[in-house]
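Report on the following structure.
Computed from heavy atoms alone, side chains included, the values below leave out hydrogens, waters and symmetry copies. To find a chain, count down the sequence lines: A is the first, B the second, and so on, and within it residues start at 1.
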Amino acid sequence: MYRMLWRIRLFEGQVQRLAAAGEVPGFPHLSTGQEAVAVGVCAHLSREDALYTSHRGHGHILAKGSDLEATLAEIIGRESGLCRGRGGSMHLVDVRHGVMGATGVVAGNLALAAGAAWAAQAQGKSNLAVAFFGDGATGAGVFHETLNLASLWKLPMLFVCENNGYAEFTSRDEHSNVNHVSHFAKPYSIPTKTIDGNDLKVVHAEAAEAIASIRAGHGPYLLECMTFRMAGHYVGDAQQYRSKEELAAMIEKCPIERLKRHLLADGVPATVLDAIQVEAKNEIEQASLRARAAARPDPATVMDDVYTSPTLHAISG
Amino acid sequence: MYRMLWRIRLFEGQVQRLAAAGEVPGFPHLSTGQEAVAVGVCAHLSREDALYTSHRGHGHILAKGSDLEATLAEIIGRESGLCRGRGGSMHLVDVRHGVMGATGVVAGNLALAAGAAWAAQAQGKSNLAVAFFGDGATGAGVFHETLNLASLWKLPMLFVCENNGYAEFTSRDEHSNVNHVSHFAKPYSIPTKTIDGNDLKVVHAEAAEAIASIRAGHGPYLLECMTFRMAGHYVGDAQQYRSKEELAAMIEKCPIERLKRHLLADGVPATVLDAIQVEAKNEIEQASLRARAAARPDPATVMDDVYTSPTLHAISG
Amino acid sequence: MAIHTFIDILKRALDEEMTRDASVHLLGEDVAAGGAFGVTRGLADKHGATRVRNTPISEAAITGLATGAALAGIRPVLEIMFIDFATLALDCLLNQTAKYRYMSGGQLTVPLVVRTQAGAAGGAAAQHSQSLETFFIHIPGLVVVAPSSPIEAYGLLKSAIRLGEPVIFIEHKRLYTMKEELPQDFALPAIGKARVAREGTDVTLIAYSAMVQTALEAAKELESNGISTEVIDLRTLLPLDMDTISQSVSKTHRVLIAHEAVQNGGMGAEIAARIGAELFDELDGPVQRVGCPFAPIPFAPELERALLPGSHHIVQVARRMMGLESV
Amino acid sequence: MAIHTFIDILKRALDEEMTRDASVHLLGEDVAAGGAFGVTRGLADKHGATRVRNTPISEAAITGLATGAALAGIRPVLEIMFIDFATLALDCLLNQTAKYRYMSGGQLTVPLVVRTQAGAAGGAAAQHSQSLETFFIHIPGLVVVAPSSPIEAYGLLKSAIRLGEPVIFIEHKRLYTMKEELPQDFALPAIGKARVAREGTDVTLIAYSAMVQTALEAAKELESNGISTEVIDLRTLLPLDMDTISQSVSKTHRVLIAHEAVQNGGMGAEIAARIGAELFDELDGPVQRVGCPFAPIPFAPELERALLPGSHHIVQVARRMMGLESV
Ligand SMILES: Cc1ncc(C[n+]2csc(CCOP(=O)(O)OP(=O)(O)O)c2C)c(N)n1
Ligand SMILES: Cc1ncc(C[n+]2csc(CCOP(=O)(O)OP(=O)(O)O)c2C)c(N)n1
Ligand SMILES: [Mg+2]
Ligand SMILES: [Mg+2]
């Protein structure tokens, strides 16, 4: 898991560099600083479990098992990308690994995750659905509609909120006077916990408990992970709205530093940890080289995949 | 207030008869059995307080002071109706009495009521906004979005839920496993109470307290009034989905019978009460005669009032 | 041969599809109780409460849920009680449902049917009477179907369920009590193909949904005026079957399009624009539209009647097109 | 005379209107921080946090709140960050905002401006690039405005705020960095009137929003082909100014309509249908449309470029219309 933390951290760093160099179309959102949530939760998921995520989803997708190169290739818009360059950073889908999708619409796919959970229930399968979302998403009505449906139908669904205290440039206290997202689960009697999302050990243990409860048929669970957005809202955000103190606290909170301290204390030699970091760096660099060398989509294929049925395609206006 | 209960009861009875006779276009929803909520809450409102209500809003509007004849005239589609026959039963508006509107979209105007409350706050006025809605409306996301906004901005707004245990033909337990609508207010720290909505004395007292709190600047308040829909969902609904026992409990719960018992116990002579009932009956009958004799809208005016500016009207496609 | 109302025949189509394919599930407000119009009455008893599921009043979430279930291999048939409230589901339909296949580079499909009720039916007023199909024909990835009679509804609903794309299936309230005999041999209609509902040589009259019945009435009246009207029932609004339209226009050289939706920016605009561009040389005169004037639907019956387009409007415009009436 | 970007000039218009009229209030996600594009930056400091209010991510409720406030005498200017998310506000806009005046029999008006960002701007992909004006032109009671340059935005936004109707004000992201000089004497444009952005005699080219700039580029290129193009900037999409269009078409007899929105069921359909019906005898050839092919906006730049209509498409179609290029 230490390796995966580094993979995500360095992946996001690579995206940031490529974005600065003008190689990333659009405005990617980085999960730097929030890696422990992705890694701690996804460690308990199988391929068949459905994962839905938000605009800040690179980490979740990598932790779920998606290929580094194909993910990066998508983010820089290549034909070899997960979605053949159609989706991009905010619309990553990788069905082979149960990554059912990211979305650029805040809270826009929470109910879709409930649908995946309902499908599993209706088909008598044992897999579950996980939805990652930010604290800002709790302002959206569909979040509450989905909590109601999930609790009413006892859907096998894990809600994971990454509460980083910000929605874009506005801090949480201007969005709600409800301090903790976990409070929203209470009226529905959905089991919930607010945890330290920067400590991988904590996330891992609490996610285990939550997922065990869901797999045991007790219905949905909401995990609120308090975390810290180390980067700006999007690549290029100058973050003038954040105080120096706040940004300084970052290093203290860094989930990688935190896990490193745990591991060192547990007696893992520093050389082993350093080697992992170097390996991850090499992996990312290799993946990046290959992704950047990959072919760009052929403009002639732009109308592919609007519809399944070729007859509809042929005559559509 | 006993008079107003009867006015509403008999008004609804009249609407039902007229509907059966084919004189009411569309599908009116009656508030029979829920009168105590309307009367108990509106007793504390001034004309300047803004009232918004749902598809089941006749009672609220009458209790707020709207004219019996003009209200009925609207429900049967006459030019002398509150909205010149444009609105109908589900879209009653009477600005003179602070009736800002009913809506046929479940939960569709809750945020508008918050807007009225915000306007009052921004304009430094002391009036408040009241929104009446059914228990089914709590399934709608915008209800939760509005709770969040109202608590965040401390809006002078009273949420009144008439929990009659049904949304259309489906009972509450198929809509939510949250037993009480008041539970939804809790995460927002909005003060809330669940009360007996069929006992006018209770409603009156609790509404007084809620409104005093709002007027004192403590922000929104949610009152959940447990009540009983004595009629079907709409006029004509056969109600096969309700048990005999449930329907039998009706008389016991009837808010008029309840208040009558209170008043008799307080020493009010039965003759006085009977006289009020007879007077209300006469009022309704007179209003009905006049409303039914009123002119129908002129088809040539059908394009009036789409826009304010005549220039837009003239050239609009 | 049995006679069926529109309501009964929809139920029959749903029942048969649920029996044929265990992945078909019904979802919606009050559907287990039959829905607002009784279309699904009895299906919960027959197919079980898991496959016919009442939902809370949460149009956004249930549309999302149905979409997510469709992505996971279920074939949901979702009912949105009135098309007026489909706007509550529109973010999902526009930004998720319709785009999923494309955005995922073809990895996923959304085999979903959204049934919804549209149109004015007497005093339902501004929020329960609208015809909003235009919102959907502008969304790449969706398919839009609007049947014009019980037989049509039967075949088109079955075809829609089997299609494997997200289909908006629009049922006009005024058709619900219409009765028709269902023929025994019955080939399911192809989605995307229009049909000629009546042949004629002077004017092509294009309609869909309940307006087809109005158009057929008008055609009858026009016949007594010596005008031979060809009525095209579009069946599918998206994609538009220009072949059928083109064949007819090459014969009649005059086109009148009728729909109940507001004329400005309505379905008729697209049809007229396509004909104007693709069949310009075939036209003997301007393509005419009959639609709702630009106002909400009023409550009072006199006003509603004054606003809604009816067969007399069609007759009047068609007569004018044939030079029988001055402008 | 100062040079302003589109962003600066919108800020200036808002600032001036807030100073002029104390009932004008700004509302929206992050507006106090300037909004996603910095348009409202600094206005909270100047006019106070009550009049420039950040909201939660609750598009439905904030639109309802703004509507209710407008009914109560406030003049809200609400920002919906991207038009892609305006569908979340559409129930309110369609069923409440637009219909209030009519349903109340004229008792109430809704003086509300909804500012929103539309259009593709390079890699924003399928959920942040759409042009959805068509949804709004089909809603009686709304007014839809789409400025084409900084000067236009300045005047139209001020006029929209003063109009007293619910106005959807659409800002194209690609215009945000465009600069123009603001003349000193400046009469506010009337809502509902188009303008001739360039005079010409051979072809009438109708556009709005950023596409006007593209159309002007195309017109320049066409000039070097010997084709004289009259460019009409619609300014207001609803209601449509047919007078200005008609004057131009009576001169050129050829019409080309261009917009970035998906062509099927787009704004161009209504314009083409109106011209085809009302100006049939003036037309020397079919009314042509240039719009987006029927697909979501893809992410990769090559694909985005391949899909979006540009000046070369306009030039090509115009040349074809003039017989300079074969079909
Ligand atoms: C429905 C919708 N409204 C607004 C936006 C613009 N937007 C993008 S990200 C964002 C903030 C989201 O905050 P949060 O959910 O806390 O996620 P975070 O960015 O903190 O991870 C906003 C408002 C959007 N994408 N979707
Ligand atoms: C958004 C929306 N969805 C569905 C409907 C159809 N509908 C009308 S009333 C109703 C039930 C409302 O229940 P509740 O809010 O409890 O009010 P009650 O009728 O019990 O007073 C439904 C589903 C609607 N009008 N609006
Ligand atoms: Mg956040
Ligand atoms: Mg109820």
Side-chain angles (χ1 to χ4, degrees), chain B residues 24-28 55 74-79 81 83-92 102-108 134-143 167-172 174-176 233-234 240-241 295-307 312-313 316-317, chain C residues 28-36 38 41 44 49 53-62 64 81-82 84-89 91 120-130 173 262-266 269 289 291-308:
Chain B
V24 184
F27 31 94
H55 56 286
E74 184 60 33
I75 293 169
I76 61 174
R78 302 306 162 100
E79 181 68 26
C83 308
R84 302 181 57 208
R86 272 66 180 165
S89 166
M90 287 195 283
H91 309 291
L92 298 165
T103 183
V105 183
V106 168
D135 48 302
T138 64
V142 74
F143 165 64
E168 295 216 334
F169 328 120
T170 309
S171 71
R172 172 122 195 95
E174 288 196 57
H175 280 258
S176 184
H233 171 59
Y234 58 90
Q240 288 163 337
Y241 51 89
R296 294 173 189 276
D298 176 1
T301 63
V302 69
M303 296 299 291
D304 285 4
D305 291 323
V306 181
Y307 293 97
L312 296 182
H313 248 305
S316 80
Chain C
E29 293 160 20
D30 295 297
V31 289
R41 192 167 291 145
R53 264 209 118 143
N54 283 340
T55 70
I57 308 174
S58 310
E59 279 79 5
I62 62 180
M81 209 180 271
F82 292 94
D84 312 71
F85 313 143
T87 44
L88 289 161
D91 168 62
Q127 294 173 342
H128 283 78
S129 302
Q130 296 169 89
K173 299 182 205 79
V262 155
Q263 180 172 311
N264 196 71
R289 288 182 289 164
C292 196
F294 209 57
I297 310 278
F299 172 68
E302 297 75 19
L303 297 174
E304 188 188 290
R305 265 196 304 275
L307 199 71
L308 289 181

Item to check | Part of B:Y241 within contact of chain C (heavy atom distance under 4.5 Å) | outcome: neither

Checklist entry - Which atoms of B:V106 come close to chain C, meaning under 4.5 Å heavy atom to heavy atom: side chain ones, backbone ones, both, or neither? => result side chain

Item to check | Option that, when pairs with chain B are counted at under 4.5 Å, heavy atom only, ranks first among C:A36, C:P301, C:P56 | outcome: C:P56

Heavy-atom side-chain proximity of [X] to [Y] below 4.5 angstrom:
X	Y	value
C:F299	B:M90	no
C:L88	B:V142	no
B:P299	C:R305	no

Checklist entry - Got a second to check how far C:R41's CZ is from B:F169's CZ, nearest 0.5 Å? => result 8.0 Å

Item to check | CG on C:L303 to CZ on B:R296, rounded to 0.5 Å | outcome: 11.0 Å

Minimum heavy-atom distance [X]-[Y], with the two atoms named:
X	Y	result
B:G77	C:E302	O-OE1, 4.3 Å
B:G139	C:S58	O-OG, 2.7 Å
B:A167	C:D30	O-OD1, 3.6 Å
B:M303	C:A295	SD-CB, 3.8 Å

Checklist entry - C:T55 versus chain B, heavy atoms under 4.5 Å apart: side chain, backbone, both or neither? => result backbone

Checklist entry - Can you say whether C:A60 sits under 4.5 Å from chain B via the side chain, the backbone, both, or neither, judging by heavy atoms? => result neither

Checklist entry - Between C:H128 and B:F27, how do the two ring planes meet: parallel, tilted or perpendicular, split at 30° and 60°? => result perpendicular

Next on the checklist: One pair to check against side-chain hydrogen bond (donor to acceptor under 3.5 Å, both in side chains): B:T103 and C:Q127. What are the steps and the verdict?
Outcome noted: CA-CA 8 Å; B:T103 183; C:Q127 294 173 342; 3.2 Å; yes

Checklist entry - Counting heavy-atom pairs under 4.5 Å to chain C, which of B:E174, B:E168, B:Q240 comes out on top? => result B:E168

Item to check | Heavy-atom pairs under 4.5 Å with chain C, option from B:G87, B:A140, B:G81 with the top count | outcome: B:G87

Item to check | Passing candidate, side chain to side chain contact (heavy atoms under 4.5 Å, CB included) with B:T170, options C:V31, C:I57, C:N54 | outcome: C:N54

